[in-house]
Asker: 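Mind looking over this structure? Questions follow.
Proteins come first, then strands; the chains are lettered A, B, ... in the order of their sequence lines, and each starts at number 1. Values below: every heavy atom of this structure, side chains too, minus hydrogens, waters and symmetry copies.
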There are 2 protein chains.
Amino acid sequence: MSNQWVGDNLSDVKVKNRSLVLRLLKKKGLLSRIDLARITGLTQPTITNIVNDLLSVNLLKEVGFSDTRAGRKPILLSMNDQAFYIVAIHFTRRGFSIALTDLGPNILFRRDSHYSLLENIDLALLELQKEFIHVLEYATQSLSLILGIGVSVPGPVDAESCTILAHPTFLRYRNLDLRKYLFEYDLPIFMMNDAHAACLHETWSGQAREAENMVYFMVGEGVGTGVLVEGKIYEGVNRKGGEIGHTSINIFGPRCVCGNYGCLEMYCSTYNVVEKAREIAWFGGNGYLRAVLEKEGKLEFHHLLEGARNGDSTSLQLLQQLGQYIGIGVVHLINLYDPEMVVIGGQAALAQEFLENSVKQVVEERLLYREYVTPQIHYSKWGDEVTLLGAATIVLDHFIAGDLGRF
Amino acid sequence: MSNQWVGDNLSDVKVKNRSLVLRLLKKKGLLSRIDLARITGLTQPTITNIVNDLLSVNLLKEVGFSDTRAGRKPILLSMNDQAFYIVAIHFTRRGFSIALTDLGPNILFRRDSHYSLLENIDLALLELQKEFIHVLEYATQSLSLILGIGVSVPGPVDAESCTILAHPTFLRYRNLDLRKYLFEYDLPIFMMNDAHAACLHETWSGQAREAENMVYFMVGEGVGTGVLVEGKIYEGVNRKGGEIGHTSINIFGPRCVCGNYGCLEMYCSTYNVVEKAREIAWFGGNGYLRAVLEKEGKLEFHHLLEGARNGDSTSLQLLQQLGQYIGIGVVHLINLYDPEMVVIGGQAALAQEFLENSVKQVVEERLLYREYVTPQIHYSKWGDEVTLLGAATIVLDHFIAGDLGRF
DNA sequence: GGTAAAGTAAAATAAAATTACTTAAAGGAA
DNA sequence: TTCCTTTAAGTAATTTTATTTTACTTTACC
């Protein structure tokens with residue numbers, strides 16, 4: 001949290017304008033100097049100066065010309081994604097991934113591990129340290145070009161102390177300080193809850209590129225949200241906001257592990273539909289799901305997807321019901337945050353074709369201000385990689401904001 | 001919504017720094033030049049310049065000296081609340097108020113009307129126009145010092161077109177353009193939902209002065225919230241956010257007028273407790289409430305308060321139950337927004353002594369991240385005037401931000 | 001060659017920072 | 001009490017720096 005009482009000076013203006021130009025080029029792609037001048041309201045000479053500076057540090061490149069009716073053709077500029085590198089780390093409930101990315105972010109090199117092979121979190125983190133070294137070795141030619149380490153975690157973090165406060169897979173552990181394992185080269189570490197990180201990635205590289213105010217609704221085994229307010233992720237004072245999964249939608253319902261009753265997450269998660277599917281498979285006779293369970297010895301979310309694709313009505317119904325609960329979540333999010341758009345992500349987004357109608361219907365019937373506007377509802381096109389890319393995007397976001405002092 | 005793609009220049013810096021100094025002096029009260037320099041990180045000469053400029057337009061005043069151990073005594077500065085005036089208008093469910101205020105904001109002159117005297121909204125607005133002229137006549141010596149008109153409404157507004165989109169008392173009416181009635185002197189008009197306006201006032205002049213991130217939970221006949229994010233009210237893209245009153249806390253409950261089921265507002269409002277009280281009074285035998293109902297011919301929220309003060313256990317129980325529902329709302333707000341503090345306002349705040357324990361207990365039991373931090377819960381000390389003062393504060397906020405081009 | 005548009009060089013402008021100074025008060029010594 | 005030293009606030013003049021203004025060059029279509 002930057003201090004709100006600090007005044008501006010001229011170099012702040014410089015950094016902000018450079019940041020603005022970079023942000024524009026990253027978000028909108030190819031633009032000429034004159035485009036930049038027109039969009040920003042800055043004068044052409046100023047833009048020329050800024051562009052020259054950024055070209056000289058290799059952050060921009062000139063890539064051909066634009067077609068115009070008459071006059072000199074504008075030189076198109078684009079951000080040079082290869083100018084710097086980022087280390088991205090993503091913890092899931094089952095393992096972690098670590099990668100080297102460029103500013104795309106595109107993954108250049110990646111290593112994955114699974115906790116199942118490991119006895120406890122200490123071993124997992126030692127493993128992480130090893131893989132981190134591998135990544136650094138891969139990048140050995142360009143270590144000074146690594147901007148920092150971005151980490152996304154499915155749980156609460158303390159970004160200031162680089163600490164994972166709690167992790168759903170290692171419930172007994174508290175306050176894991178990552179600096180102990182990632183101290184090489186003194187790279188800055190940025191951490192975020194994975195839903196927030198995925199949201200950030202969706203706004204830089206996904207369907208929400210145009211949005212300055214949006215809500216990302218991640219529905220997987222758990223539920224999480226990321227909220228973008230005026231182009232910035234709103235995490236809350238202690239970075240523990242956006243927990244719509246633990247608001248009651250049924251105060252007379254069963255108690256949730258969090259202490260609250262009938263939390264949204266208890267109804268609206270892939271964990272919940274899969275549990276229901278298992279129940280039906282066991283007790284519900286001879287359907288498709290029973291067959292899967294008997295053949296595979298287990299039942300997972302992708303089986304429901306396959307079932308729905310093969311016309312199994314139980315699978316379809318379960319996904320539609322999930323859609324209704326997602327719809328309720330979406331209604332709440334819109335009533336609360338009034339965003340430009342909602343992006344639904346996580347495993348549930350893979351089932352878009354089966355649940356989008358249910359979502360839409362619930363929203364159309366229950367949204368408070370539906371007579372004025374209903375925000376668009378998009379489904380993330382990013383698969384599992386979104387949280388790893390999100391981790392990289394945390395660093396990208398700081399870089400482009402000028403926080404890393406690189407321009 | 002200001003355009004996020006516009007670049008900064010030097011005069012922006014000037015306005016921002018002047019704005020910062022004014023904001024500091026308004027929020028923190030008395031400060032010396034050296035204090036300002038230290039807090040803002042600006043140099044002493046820069047602060048001197050800014051202060052001189054603001055003194056010369058009469059926006060600041062020097063008010064005595066500060067006590068220090070040694071050396072020259074710092075001259076204490078303070079904002080001059082009498083430098084400009086504001087017209088504040090507040091619509092309630094039952095009438096409207098219009099006032100002239102200074103920058104305190106303190107009410108200098110006030111007129112009130114009740115819809116009950118009027119047949120429809122057109123007549124009410126003609127009445128408003130008349131009262132507006134009265135206010136202008138009162139301010140006739142200093143018309144050029146009026147910064148603008150702030151309007152707070154218990155319902156959705158379109159601030160850009162100065163339109164009340166809907167009003168709970170005039171349900172048939174839509175899209176009331178206030179410019180038709182307030183065109184004299186071409187004063188700028190700023191509108192907001194009343195909960196947001198009250199929140200703003202609480203952050204400028206109430207218990208949330210120190211907070212940059214807070215949630216104001218207004219519980220009256222309806223429920224509304226105002227959310228402050230990094231010192232700015234977050235209203236959402238269409239200024240229709242913060243509607244926690246219309247999130248379901250019981251999706252299997254009865255349908256709400258909004259289309260949703262079991263909305264928080266159906267449980268957590270003074271309207272709801274009073275209804276319950278009426279039911280008990282009618283059907284529940286011979287208690288205190290029955291006596292009130294028979295004697296007064298009606299039963300209102302203040303009767304419950306009086307009942308509780310006089311030791312009536314039914315009144316007390318009802319208020320405690322309201323406290324539990326408020327607690328649920330507070331849990332949701334904290335889980336969602338992770339604020340520094342929650343301020344509870346509206347009629348319910350008057351019952352603080354009877355419901356605060358219930359609120360606290362629910363929060364302590366159900367909050368997701370209670371093991372890390374629990375934000376403080378405050379109760380508004382402002383009475384009914386908060387929304388009228390809030391209306392003035394909308395203009396004050398724009399003024400201090402430098403939006404009105406007055407410095 | 002005329003014209004339209006992109007892009008740049010040099011001077012002007014405006015804001016804050018730096019430097020060196022003045023003003024003011026507290027506290028101790030004569 | 002008076003004078004002197006120390007501490008700190010506040011300011012004037014100058015410098016620095018980022019943008020703007022103005023005038024110019026470059027480029028390409030017609």
Side-chain angles (χ1 to χ4, degrees), chain A residues 5-22 24-25 30-57 60-78 402 405 407, chain B residues 5-22 24-25 30-57 60-78 402 405 407:
Chain A
W5 298 120
V6 170
D8 272 12
N9 60 29
L10 278 67
S11 59
D12 294 334
V13 174
K14 185 175 178 176
V15 169
K16 277 190 196 168
N17 287 340
R18 270 152 188 66
S19 165
L20 181 65
V21 166
L22 269 181
L24 268 164
L25 284 167
L30 302 174
L31 294 171
S32 67
R33 289 171 178 77
I34 197 81
D35 293 333
L36 290 168
R38 277 202 270 263
I39 296 171
T40 61
L42 296 172
T43 58
Q44 285 189 37
T46 301
I47 291 295
T48 295
N49 282 334
I50 292 173
V51 166
N52 285 347
D53 287 358
L54 294 176
L55 279 169
S56 74
V57 294
L60 257 44
K61 48 190 182 187
E62 297 185 329
V63 284
F65 298 89
S66 171
D67 257 346
T68 42
R69 267 147 300 171
R72 180 171 174 178
K73 284 192 188 309
I75 304 166
L76 290 174
L77 299 160
S78 128
F407 56 83
Chain B
W5 297 120
V6 170
D8 272 12
N9 62 28
L10 279 70
S11 58
D12 294 333
V13 174
K14 185 176 176 177
V15 170
K16 276 191 198 167
N17 287 340
R18 269 153 188 65
S19 165
L20 180 66
V21 167
L22 269 181
L24 268 164
L25 284 168
L30 302 174
L31 293 171
S32 67
R33 290 169 177 79
I34 197 82
D35 292 333
L36 290 168
R38 277 201 270 262
I39 297 170
T40 61
L42 297 173
T43 59
Q44 285 189 35
T46 301
I47 292 293
T48 295
N49 284 332
I50 292 172
V51 166
N52 285 347
D53 288 358
L54 294 175
L55 279 170
S56 74
V57 295
L60 257 46
K61 49 189 183 189
E62 297 186 330
V63 284
F65 299 88
S66 170
D67 255 347
T68 42
R69 266 147 300 168
R72 182 172 173 176
K73 283 194 189 305
I75 304 166
L76 290 174
L77 299 160
S78 132
F407 54 83

Asker: Whether the side chain of B/Asn17 engages the backbone of B/Lys14 through a donor-acceptor N/O pair (distance < 3.5 Å, no angle test) should be reported.
Answerer: no
Asker: Hey, is B/Lys16 close enough to B/Asp8 for a salt bridge, meaning N to O under 4.0 Å?
Answerer: yes
Asker: Quick one: is B/Lys73 getting a side-chain N or O under 4.0 Å of the D/dG10 phosphate, OP1 or OP2?
Answerer: no
Asker: Report yes if at least one side-chain N or O of B/Arg38 is closer than 4.0 Å to OP1 or OP2 of D/dG10; otherwise report no.
Answerer: no
Asker: Does a side-chain N or O from B/Thr48 land closer than 4.0 Å to OP1 or OP2 of D/dG10, or not?
Answerer: no
Asker: Does B/Ile34 reach a base, just sugar-phosphate, or nothing at all? Heavy atoms under 4.0 Å.
Answerer: sugar-phosphate
Asker: Between B/Asn17 and C/dA16, does any side-chain N or O lie under 4.0 Å from OP1 or OP2?
Answerer: yes
Asker: Which of these nucleotides, C/dG7, C/dA15, D/dA12, is closest to any side-chain atom of A/Pro74?
Answerer: C/dG7
Asker: Using a heavy-atom cut-off of under 4.0 Å over every strand shown, decide if A/Ile75 touches base, sugar-phosphate, or nothing.
Answerer: sugar-phosphate
Asker: Under 4.0 Å from OP1 or OP2 of D/dT20: is there any side-chain N or O of A/Thr43 that close?
Answerer: yes
Asker: Check whether any side-chain nitrogen or oxygen of A/Arg33 sits under 4.0 Å from OP1 or OP2 of C/dA5, and answer yes or no.
Answerer: no
Asker: Is the phosphate of D/dA9 approached by B/Ser32 (side-chain N or O, under 4.0 Å from OP1 or OP2)?
Answerer: no
Asker: Say whether, by atom type as modelled, one donor and one acceptor occur between the side chain of B/Asp35 and the main chain of B/Ser32 under 3.5 angstrom.
Answerer: yes
